[in-house]
Amino acid sequence: MLIFSVIFWGFIWHLVSWIDSALMQAFYSGWFARQGAGATLTDMIVASLVIFAPLFWFIFMGAMGVAMGDIASSFAMGTNKISERATSKGAIAATSIVKTAGAALL
C-alpha cells in the first residue's frame with residue numbers, strides 16, 4: 001500500500017499541474033505580461049495543492065490501512081475462537097475416550 005501510495009503521487013502532481021495550467025489559461029491568457037494579485041492568489045492555491053493533495057492522500061491511505069488492519073485482526077480473532085472451541089471439544093473427547101478405555105481395561 002505504501003509503494004502504491006508513493007507512486008500515486010505522480011498522478012496527484014500531474015493533476016495539480018493540469019489544474020494550474022487550466023486556471024491560468026482560463027483567467028489570464030497573457031499571464032506573464034500581467035502578474036497581478038489574482039495570478040498570485042492562483043499560484044498560492046496551486047502551490048498549496050502541491051503540498052496538501054499528497055498529504056490528504058496519505059491520510060486517506062493511512063485510514064484505509066488502519067481499517068484493513070482492524071478487519072484482519074478481527075478475522076484472526078475469529079479463527080482463534082474457532083480453534084479454541086475445537087481444542088476444548090477435542091480435549092473433552094480425548095478425556096472421555098481415555099476414561100472409556102480405562103474402564104474397559106479394568
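Just the heavy atoms: all of them, side chains too, but no hydrogens, waters or symmetry mates, feed the values below.
- Note on Leu15 and Phe58: same hydrophobic cluster, where clusters join Ile, Leu, Val, Met, Phe, Trp and Tyr whose side-chain heavy atoms are under 4.5 Å apart, directly or indirectly.
- The aromatic ring centres of Phe11 and Trp18 sit 6.0 Å or more apart.
- You'll find the side chain of Pro54 reaches within 4.5 Å of the side chain of Trp13, heavy atoms only.
- Counting all heavy atoms, side chain and backbone alike, Val16 lies closest to Ala53 at CG2-CB, 4.4 Å.
- Once rounded to the nearest 0.5 Å, the distance linking CG of Leu49 with CZ of Phe56 reads 9.5 Å.
- Residue Ile19 holds its CD1 atom at 10.5 Å from NE2 of His14, rounded to the nearest 0.5 Å.
- Taking the side chain as every heavy atom from C-beta outward, Trp57 and Phe52 never approach each other to under 4.5 Å.
- For Phe8, the CZ atom counts as densely surrounded, since its 6.0 Å shell holds more than 12 non-hydrogen atoms of other residues, nucleotides or ligands.
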